[in-house]
There are 2 protein chains.
Amino acid sequence: MADGATTRDLRTRNRARVLRRVVVAGETTRADLAAQCHLSAATVTNVVGDLLREGLIEERGSLPSDGGRPIGQIGVHPSGAYFLGADVGEHGVAVELFDLSFERLDREFREGRTRESTPSEIGEALQDAVSAIRARHPERESRLVGLGLGLPGIVEDISGSHGGREVVLYAQSLGWPPVHIDELLRADALEVLADNGAKTLATAEMWFGAARGVDHAIVALLGRGIGLGVVSNGELMRGLASSAGEWGHTKVSVGGPRCRCGAQGCLEAYVGADAILGRWRDGGGEPPGSGWRALTALVAAADAGASAAVRVLDETVEVLALALGNLVNLTNPERVIVGGWVGLCLMQSRRAQLEAQVRAAALERPGGQFALELCRFEGDSVALGAALLPLQRLIDGPMAKVTA
Amino acid sequence: MADGATTRDLRTRNRARVLRRVVVAGETTRADLAAQCHLSAATVTNVVGDLLREGLIEERGSLPSDGGRPIGQIGVHPSGAYFLGADVGEHGVAVELFDLSFERLDREFREGRTRESTPSEIGEALQDAVSAIRARHPERESRLVGLGLGLPGIVEDISGSHGGREVVLYAQSLGWPPVHIDELLRADALEVLADNGAKTLATAEMWFGAARGVDHAIVALLGRGIGLGVVSNGELMRGLASSAGEWGHTKVSVGGPRCRCGAQGCLEAYVGADAILGRWRDGGGEPPGSGWRALTALVAAADAGASAAVRVLDETVEVLALALGNLVNLTNPERVIVGGWVGLCLMQSRRAQLEAQVRAAALERPGGQFALELCRFEGDSVALGAALLPLQRLIDGPMAKVTA
DNA sequence: GACTGTTATTCTAAGTCGTGAAAGAAGGAG
DNA sequence: CTCCTTCTTTCACGACTTAGAATAACAGTC
């Protein structure tokens, strides 16, 4: 709640700022907190006192000051809270356990069937993996804050006024019917939060990656599918039903190649991995397999001068740059962050070309104001980002009861 | 400032909520304010008391209640504050004076030279018009809050940490060099705020038009140029340097017709008025002039079955729907609001077709969640929206000193 | 080892704020 | 005139932040 009109909400907000800052920085001083959070030293003392009592932060020795009382350092208390994050994909399910310093403590992977799995199979695998991890860490159970899910598709939060939360996953591209997340998983005594996988990855970048401390950014994830997170005013854009950021099916041209969503000319049908490799194959190329190896083979062929490969890469960069340029015009970001394995590959091989073309596609003003960067996390931090969902709950929520 | 950690800021925020609500509603009751602003009745009493003392709202008789004490009505005190708004265009300058009920009290128009004007000419006209209005209303001078400018181009706020505000207008399409707004106008003792004209129009829609009370919306303005305002979380998206929302030069296709911005395939080169009429002319049509009359002639021709005209309109709708659909996917709005004279014309003649195609272009989910609406204000409320800039200042700012 | 200078942190007192409960105000019905 | 009902305000309370005073914790220095 950004609202809240009482003095207690004031404290809640200030606690949130301080805690957020400590988690992001890992280790700080009271003076830094006062400056960063626009609080007086006295308030920082009070809030820090609360957080110490809550067990979320800890005192960490001290630094020498210029001749005076040493500066007390404070940092995250790693075992102060634990978070589960799950990367739910079509291929399988990964569940990870993090402490408050966001060190990964444990991980459990469940492979799906080779072919596409059904919601109930995935749900079972998820349930199973979560239970396994929880069973291995009984001593942490009491400080487990929640479970975040990064899901492959549109995650709508339609919790109306009518009580119970209603979160539904629409994974059209997997051919799933709409699924309530409660159907997917029943976690006893554990808060479950869900978000689209690309959004959780963007969240991870916002907290610990290339979008850290940036108020306006776009985080593009290029893999088989195309995902996007738009950060505006320091927050991820969600829209009415939190499906904002659906970028993969942006129509890049009237007509154009058919996309797996059924429409024509989608961005994904140009720069999605399958589309890229498909074009190469059509041009006579012979990709080994379909993943990272195939893509690097394409790059290698292009570097070796194979004209078909060069053309495919050039086209890919051109379309991507066009779409990114449009996005830059639309959102005027400070950073443009490209990730996903296809993104990584393109950034490694064609970064300058991409950057130049994005700037050219955008108008002069917004086009000159962003920095292009690579995602700091690769694909497997969907789970990390998902684990940040309960963290945000912990931070923005009211103070926990402290056993005095 | 959305931040602010002191108890006084709390009051500032609550005052802002209440005042905003009163201005939007025009007339309300205390109970309504308590409900809408999530405040207790006691707090509403206090805040309303402050606002009454400030002279911004007034008591307005009472409504009968079901057998009990009558409900006191309160409303905006029209003469509590005045605002100037200016619509600065290539054709000329219109300055308007509003009171707190946003009744227009006066208007001053200065035609530019028939050909494009220079910044200094426009600045002079602006200065002149503002002075004329101020001179006509000396008694309102003391309660004049500020002047808002709606400008034709990107308005960048680069007020860094280094003191003085730096607001620069980049009106590339007018062929202007970058202009400091201070160069454009020197207003003694009057706060001057500026924003892009399309954004001020969107602001007007947010306050009093089709986007009222909506947290997620897109407001598209179609005229000779194409403008856009994206409302996310109840606020207009601005991006790093407030140039977010540049939509007219979105590349709709690789290659494509050349746009006045120099690039190819811009949306504006398809659905801008000149482009539409140009295509009709190329197809053998004979538009009378170039404005509204020409466009209605095109629609009439299409209605009469002229195949060239039908084709032109169909193409226009198709491209526009594509672009809007992409935007819907990206922002997941609750409303899609179309305005501008070209927009009006298209909505009158091809609304159903446009709506169907936008929904088809968007994914199923976000595509089914918005309502398509017509702008409630036509072109001349750029000035109204501009006048809302100082209003926002008044609302979000601290309480005014009251001569006790 | 006492003392001083210096810086970081905490304590104290003062001033604000919002809220629930209780009191007050303003009409209508009997 | 009295009671009843319904809004509105007052009051007492607890909670908050903060400026400034006080204290803590060190390094030199005499």
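So that the names make sense, note that chain A is the first sequence line, chain B the second, and so on, each numbered from 1.
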For [Y], is there an ion pair with [X] - N to carboxylate O distance below 4.0 angstrom?
X        : Y        : answer
B/Arg238 : B/Asp157 : no
A/Arg13  : A/Asp396 : no
B/Arg212 : B/Glu205 : no
A/Asp50  : A/Arg11  : yes

Between [N] ([atom2]) and [X] ([atom1]): distance, integer Å:
X       : N      : atom1 : atom2 : answer
B/Asp9  : D/dT18 : CG    : C1'   : 12 Å
B/Arg15 : C/dT16 : CZ    : P     : 17 Å
A/Leu52 : C/dT9  : CG    : P     : 12 Å
A/Asp50 : D/dT17 : CG    : C1'   : 13 Å
A/Arg13 : D/dC16 : CZ    : P     : 13 Å
A/Leu39 : D/dC16 : CG    : P     : 14 Å
B/Arg11 : D/dC16 : CZ    : P     : 18 Å
B/Arg8  : C/dA14 : CZ    : C1'   : 12 Å

*asked:* I need a per-nucleotide contact map over nucleotides 1-13 of chain D, read 5' to 3'. Cutoff is protein heavy atoms under 4.0 Å; write B for the base, S for backbone only, - otherwise.
replied: ----BBBSBB---
_Minimum side-chain heavy-atom gap B/Leu388-B/Thr200 below 4.5 Å_ =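 No, every pair of side-chain atoms sits at 4.5 Å or beyond.
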*asked:* Counting only heavy atoms from other residues, nucleotides and ligands, does the tally under 6.0 Å from CZ of B/Arg393 exceed 12?
replied: no
At less than 4.0 Å, is any side-chain N or O atom of [X] found next to OP1 or OP2 of [N]? Yes or no.
X       : N      : answer
A/Asn14 : D/dC16 : no
A/Ser40 : D/dT18 : yes
A/Thr43 : D/dT18 : yes

*Please check if any side-chain donor atom of B/Ser243 sits under 3.5 Å from a side-chain acceptor atom of A/Asn332, or the reverse.*
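There is such a pair (donor and acceptor under 3.5 Å, judged by atom type) between the side chains of B/Ser243 and A/Asn332.
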